[in-house]
Amino acid sequence: MDLGIAGRKAMVCGASRGLGRGCAQALAAEGAEVWVAARTPETLERAVAEIRAAGGQATAVLADVTSEQGRAKLLEACPAPDILVNNAGGPPPGNFRDWTREDWIKAIDANMLSAIELIRLTIDGMSERRFGRIVNITSYMVKSPLGVLGLSNGARSGLTGFVGGLAREVAGEGVTVNNLLPGQFDTDRLRSNHEKMAAGSGSDLEQVRKSARGAIPAGRFGQPDEFGAACAFLCSEWASYITGQNILLDGGQYPGML
Ligand code: NAD
């Protein structure tokens with residue numbers, strides 16, 4: 001299927017590794033021109049080089065998307081994106097009794113306000129051009145929260161609520177806004193979470209990973225390229241009737257129907 005996004009300009013945040021990278025690669029493979037934003041020069045340059053080597057068009061933007069300067073840099077590099085993929089690292093796990101106001105502000109900044117700010121800076125241009133696709137990478141924790149990830153649950157739920165209203169406001173202008181909710185995807189972040197769990201419980205890493213896989217009906221972790229493919233479809237011409245949705249990609253792990 002031709003997704004109809006060749007030549008579209010895509011801004012992809014947190015895209016040197018993991019899920020963001022999967023999205024950048026899939027969009028570039030469909031002919032979109034991609035601006036890849038991340039904070040670490042080595043992994044960023046490597047991601048851009050690999051996308052180009054596969055025939056895609058990509059530009060590196062060294063930026064922390066949770067900072068005002070980082071977002072300004074991204075907008076300077078790509079002033080009029082047709083596609084925006086919001087993504088940033090998630091907050092650490094813990095016990096809410098230990099979290100200070102500063103911890104909360106940091107989480108809300110990273111996983112709610114930075115996405116809203118990038119949307120604010122780009123959505124009116126999309127509406128004027130009558131085409132826009134905004135995809136926020138959130139988490140299956142929005143539907144199925146765990147206490148230890150309270151900082152993430154709280155911040156991402158705030159973004160989810162905001163997006164629900166916004167999507168309806170711009171639906172008539174050719175702009176869609178959706179959230180993709182990853183379950184367990186085999187990325188550096190998931191591995192580092194498993195390493196921490198193994199260290200915390202004194203268990204073997206492979207045992208922790210085996211038991212995590214066992215909780216997924218599909219029997220395996222997701223891969224960033226399949227996450228990217230779902231993102232590319234949501235950004236396609238064919239997804240113009242899908243908006244305001246929270247789409248789970250979790251191998252069947254969430255047990256509910258809705
Ligand atoms: P990852 O750590 O493997 O990759 C994150 C990427 O984002 C890296 O390229 C990193 O450099 C970049 N990044 C992080 N913070 C940034 C910032 N402030 N500015 C610019 N770039 C930044 O993580 P991942 O597994 O791909 O996860 C992506 C998001 O999805 C995270 O918010 C994570 O919490 C969430 N998530 C992931 C999973 C999973 O299974 N992997 C599950 C649920 C939620």
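As the structure is a prediction and not an experimental result, all values here were calculated from the model. In each ligand, atom 1 is the first atom listed, and ligand 1 is the first ligand listed. No hydrogens, no waters, no symmetry mates; every other heavy atom, side chains included, goes into these values.
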Could you tell me which atoms of ligand 1, counted from 1 in the order shown, lie closer than 4.0 angstrom to a heavy atom of [X]?
| X | value |
| --- | --- |
| Gln184 | 40 (O) |
| Asp188 | 3 (O) |
| Ala38 | 20 (C), 21 (N) |
| Gly90 | 31 (C), 32 (O), 34 (O) |

What's the spacing between Gln69 CD and Glu76 CD if we round to 0.5 Å?
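Reported value, rounded in 0.5 Å steps: 12.5 Å.
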
Polar proximity ligand 1 side, [X] side, N/O cut 3.5 Å exclusive:
| X | answer |
| --- | --- |
| Gly14 | yes |
| Leu190 | no |
| Arg189 | yes |
| Leu19 | yes |
| Ser139 | no |
| Gly18 | no |
| Gly89 | yes |

May I ask whether [X] has any heavy atom positioned less than 4.0 angstrom from an atom of ligand 1?
| X | result |
| --- | --- |
| Gly183 | yes |
| Pro224 | no |
| Arg156 | yes |
| Thr138 | yes |

Ring pair (Phe, Tyr, Trp, His ring centres under 6.0 Å) with Phe185: which of Phe227, Phe221, Tyr140?
Phe227

